[in-house]
Amino acid sequence: MTKFTTQTVGYPHIGKDRELKRALEGYWKGALDAETLLATFRQVEEEGWRAQHDAGIDYIGVGDATLYDAVLDWSLRLGLVPQRFAALEGLERLFAMARGVEGIPALEMTKWFDTNYHYLVPEIEAGAQPVADFEDFLTAVRRAQALMGEHAVPIVLGPITFLRLARLEVPFDVILAQLLPLYVELLGALKALGVPEVQVHEPALILPDAADFRSQTERAMAALAAVGLPINLVIPFDDVGESFAWIVALPVAGLTLDFTRGETTALLERHGWSADKFLAAGIVDGRNVWRLRGAEALPRLQSLATPTVSRLSAACSLQHVPYSAARETTLPAPLRGVLAFAEEKLHELVVLRDVLAGTAVWDDSPWADFRAFAPEDAALRARLVGLGASDFSRAEGYTGRRTQQVALPAFPLTTIGSFPQTAAVRQLRSRFKRGELSEAAYYAGVDAWIAYTIGVQEGLEFDVLVHGEFERSDMVEYFAEKLTGFAFTRHGWVQSFGSRYVRPPIIYADVTRPAPMTVREFEVAQSFTHKPVKGMLTGPVTILNWSFPRTDVPRREVAFQLALALRDEIADLERAGARIIQVDEPALREGLPFKVDRRAVYLTWAVDGFRLATAGAASATQIHTHMCYAEFGDVLPAIERLDADVISLENARSDDATLRALAEYGYAREVGPGVYDIHSPVIPGKDFILEKLRTFRLHLADVQLWVNPDCGLKTRAWEEVLPALRVMVAAVQQLRAEL
Ligand code: GLN
Ligand code: ZN
């Protein structure tokens with residue numbers, strides 16, 4: 001029997017009741033002073049420490065809590081503040097970097113590895129002079145020590161990951177050499193505080209090109225190790241692949257590796273482990289909400305040659321799951337029994353330790369209860385088994401279909417789907433949800449907004465109209481609520497970025513569609529106009545990627561279940577008269593695995609999912625898709641294989657990179673590259689849009705081009721949308737006249 005210890009590598013820090021969000025928004029509005037904001041922050045942080053300490057965790061990661069974003073915190077601690085913020089200080093500077101202020105744009109924000117968290121990209125300008133300012137961090141560590149003594153282990157974002165995520169105007173090696181003395185100073189200060197070790201987080205070591213940074217990583221770890229404070233090198237989110245051998249040879253006291261994804265177990269068996277290092281096995285999955293299945297996890301742990309593994313760990317920070325499943329008392333007990341949020345995962349670590357020590361047994365019986373509660377849908381399973389190649393292909397190829405589809409003017413004008421979600425619209429929905437409005441009154445309210453929006457588009461002379469999505473709180477939640485197999489939490493918030501938290505639905509059982517989901521609103525919209533209205537759906541891969549999916553069924557299969565539901569919806573929309581149907585897949589790209597050899601597998605089933613959803617459409621039905629976020633140069637073959645007739649894309653912020661990539665690839669279908677950035681309140685000028693259109697025409701043929709904004713308009717106000725769309729239409733009219 002082996003004696004294990006337990007550790008965490010990060011914890012939720014938004015407050016169980018979103019206290020931090022409230023405090024931040026109050027502070028930004030001027031309703032709350034800085035002292036109160038910071039007091040709330042510290043209280044939320046301390047509650048997290050106490051939960052971990054009370055659960056009996058031995059090594060508790062601290063210092064990860066943040067007012068806005070932890071990567072931004074490290075930019076500030078290392079004194080890497082771009083010039084445009086130099087005149088600001090304190091909280092004003094922090095929030096300016098996070099959110100921008102008049103005339104000073106914020107740092108760029110992007111996804112944190114393959115989580116749904118977004119961090120602020122450090123900007124390291126030419127001539128940057130790093131200056132250490134670790135006071136807030138060291139103070140947090142001291143407070144944690146006061147509360148839980150030697151259990152407090154500081155979490156430091158490692159220099160390699162920090163720099164790899166940064167936008168660098170200076171050579172990597174130069175800035176690394178400047179940063180290392182600061183890191184050494186920090187570790188020296190932590191050593192003086194008497195912490196037992198320091199967690200250096202280096203998730204960038206899972207990236208496929210980690211080996212290109214081998215010498216820098218070795219140099220950095222050697223410099224840090226020289227301080228004499230034991231280093232726990234924490235590498236979450238995947239295995240380290242072919243870099244395994246040199247990474248485990250780094251001069252650190254121990255490593256924390258991810259055993260929930262990738263091939264870490266196999267790598268360990270192949271390469272072995274050096275006896276002088278501890279290995280913390282990240283066995284509790286911080287990325288899903290499910291109770292660990294002992295029958296699967298325990299044999300895996302026992303097979304690792306002991307005493308190789310000496311610690312049990314969460315595989316990544318628990319900030320990516322909500323606080324507590326126990327609070328979700330409105331969920332059916334058999335479902336609640338198999339959910340594990342952050343608190344439950346702490347408990348799992350401790351119980352696993354006892355099981356491995358032989359003083360407890362793991363109980364998988366909640367899973368048996370759950371299976372009885374959520375049986376498979378036999379009809380659906382039979383339908384999936386019966387699928388053949390023809391179900392994934394439209395009856396005719398693109399060119400054959402195109403002539404049968406709607407005829408439109410050159411440079412067809414359209415939007416991406418949503419129109420402003422004003423307070424009035426949100427109130428309409430929430431009053432209906434609370435039972436204060438009858439269904440008839442609610443529909444009348446929604447329909448009035450649809451009528452108004454159709455009128456606006458008619459008046460502006462758009463070619464393809466949308467209904468505006470007023471009935472949707474969120475493009476995933478709306479569909480999830482109409483499908484079977486989804487559960488919704490009341491308190492299950494996780495941070496997306498800053499004060500923006502999301503509550504992803506949980507897919508717990510087979511997904512089916514009991515009734516049409518969007519046909520009513522489509523029919524209402526189409527009844528107000530002779531122009532074509534787009535049917536508007538969220539694609540199967542996006543619904544999957546923005547939910548907490550089940551882990552007992554392959555993701556591919558869940559995607560196909562969702563696809564069948566959408567396929568039936570498309571058939572119903574066609575029957576209702578839809579000639580154009582858009583299936584949004586903004587999250588397709590973000591499910592892409594890091595490891596090159598796993599990418600093809602993902603893209604195959606993800607694209608198949610989209611095809612299964614759309615291939616039943618008649619040749620005369622024009623299928624659109626929409627994707628946000630640039631960076632899909634590397635998935636162009638997959639985009640082509642979607643076999644969509646028209647694709648609209650985010651393009652404004654990427655400097656036409658998306659467009660150029662498509663053109664270079666030789667993409668021959670119709671494309672609507674966004675002509676302006678809807679994330680900015682700035683109203684574009686006609687010349688700006690004309691210039692965009694002229695650029696598009698250099699890359700793509702006129703017959704390929706559609707004109708639309710970057711994305712949906714839901715976050716904008718009508719005062720912004722009306723003039724912006726008017727300008728967009730005027731630009732197209734001028735272009736048409738010129739030709
Ligand atoms: N149809 C959606 C909308 O307009 C698309 C949103 C998205 O791409 N994220 O809101
Ligand atoms: Zn979008």
Side-chain angles (χ1 to χ4, degrees), residues 109-111 116 118 413-422 425-426 429 446 449-450 453-454 456-457 462 464-480 496-497 500 502 504 517-518 521-522 525 533-547 566 569-570 573 578 580-591 610 613-614 623-632 639 642 644 646-654 658-659 671-680 706-718 720-721 724-725 728:
M109 190 168 70
T110 192
K111 271 169 67 73
N116 285 328
H118 302 73
L413 278 154
T414 193
T415 59
I416 303 305
S418 56
F419 268 76
Q421 287 269 338
T422 55
V425 171
R426 285 198 302 268
R429 276 200 316 267
V446 169
W449 282 109
I450 294 177
T453 305
I454 292 289
V456 164
Q457 296 168 87
F462 270 80
V464 174
L465 279 44
V466 299
H467 76 282
E469 302 182 22
F470 302 105
E471 74 288 7
R472 305 183 189 177
S473 53
D474 171 275
M475 65 187 290
V476 168
E477 188 180 56
Y478 178 77
F479 290 93
S496 172
F497 64 88
R500 234 325 251 289
V502 293
M517 306 182 281
T518 63
E521 286 74 19
F522 168 78
V533 173
K534 276 194 272 195
M536 193 59 66
L537 305 173
T538 302
V541 185
T542 295
I543 296 181
L544 179 71
N545 283 344
W546 286 350
S547 301
L566 291 163
E569 184 72 12
I570 289 177
L573 282 168
I580 303 182
I581 297 169
Q582 179 173 313
V583 181
D584 292 328
E585 283 290 19
L588 186 110
R589 169 72 176 75
E590 69 182 53
F610 183 89
T614 53
I623 297 289
H624 289 220
T625 189
H626 165 74
M627 293 181 188
C628 317
Y629 317 115
E631 288 182 43
F632 35 60
I639 289 181
L642 291 174
V646 181
I647 176 168
S648 59
L649 305 156
E650 184 277 333
N651 180 65
R653 276 182 303 172
S654 66
T658 317
L659 174 75
V671 186
V675 293
Y676 79 94
D677 178 8
I678 61 93
H679 294 99
S680 154
W706 285 63
V707 181
N708 46 257
D710 247 3
C711 193
L713 302 166
K714 64 177 167 233
T715 57
R716 300 262 65 91
W718 282 104
E720 296 159 339
V721 163
L725 293 184
M728 194 175 94

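Throughout, residue positions are numbered sequentially from 1 according to the sequence presented. Computed from a predicted structure; not experimentally measured. Each ligand, and each atom within it, is numbered from 1 in the order the structure gives.
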Inset, instruction - Assess whether ring-ring contact (aromatic ring centres under 6.0 Å, His included) is satisfied between His624 and Trp706, documenting all intermediate values. - result: CA-CA 11 Å; His624 289 220; Trp706 285 63; 4.8 Å; yes

Inset, instruction - Number the atoms of ligand 1 from 1 as they appear, then name those within less than 4.0 Å of a heavy atom of Cys628, with their elements. - result: 7 (C), 8 (O), 9 (N)

Legend entry - Distance-only N or O hit between ligand 1 and Ile416, under 3.5 Å: yes

Inset, instruction - Below 4.0 angstrom from a heavy atom of Gly417, which ligand 1 atoms are there? Numbered from 1 as shown, please. - result: 4 (O)

Inset, instruction - With heavy atoms under 4.0 Å as the rule, classify the contact between Ser418 and ligand 1 as side chain, backbone, both or neither. - result: both

Legend entry - the Zn ion (ligand 2) neighbourhood, protein N/O/S only, threshold under 2.8 Å: His626 NE2, Cys628 SG, Cys711 SG

Inset, instruction - Check whether any side-chain N or O of Glu569 sits under 3.5 Å from a backbone N or O of Met517 as a donor-acceptor pair, and report yes or no. - result: yes

Inset, instruction - Using heavy-atom distances, let me know which of Asp584, Ile678, Thr542 sits nearest atom 1 (N) of ligand 1. - result: Asp584

Inset, instruction - Look up atom NZ in Lys534 and atom OG in Ser648, then write down how far apart they are to the nearest 0.5 Å. - result: 6.0 Å

Legend entry - Where ligand 1 meets Gly712 - atom numbers and elements under 4.0 angstrom, heavy-atom basis: 3 (C), 4 (O), 10 (O)

Inset, instruction - Using distance alone, with no hydrogens and no angle criterion, decide if Trp546 and Glu590 have a side-chain donor and acceptor under 3.5 Å apart. - result: yes

Inset, instruction - Would you confirm whether Ser547, through its side chain, and Pro504, through its main-chain N or O, come within 3.5 Å as a donor-acceptor pair? - result: no

Legend entry - Interatomic spacing from CG in Asp474 to CZ in Phe479 - rounded to 0.5 Å: 10.5 Å

Legend entry - Main-chain N/O of Ile416 paired with His626 side-chain donor or acceptor, under 3.5 Å: no

Legend entry - Salt bridge flag under 4.0 Å for residues Glu469 and Lys714: no

Inset, instruction - Using a strict cut-off of 4.0 Å, indicate which atoms of ligand 1 neighbour a heavy atom of Lys714. - result: 10 (O)

Inset, instruction - Give a yes-or-no answer on whether the side chains of Gln421 and Arg429 include a donor-acceptor pair shorter than 3.5 Å. - result: yes

Legend entry - Heteroatom proximity flag, Trp546 to ligand 1, N/O under 3.5 Å: no

Legend entry - Gap between atom SG of Cys628 and atom CD of Glu585 - 0.5 Å precision: 11.0 Å

Inset, instruction - Please state which part of Met627 comes within less than 4.0 Å of ligand 1, counting heavy atoms only: side chain, backbone, both or neither. - result: neither

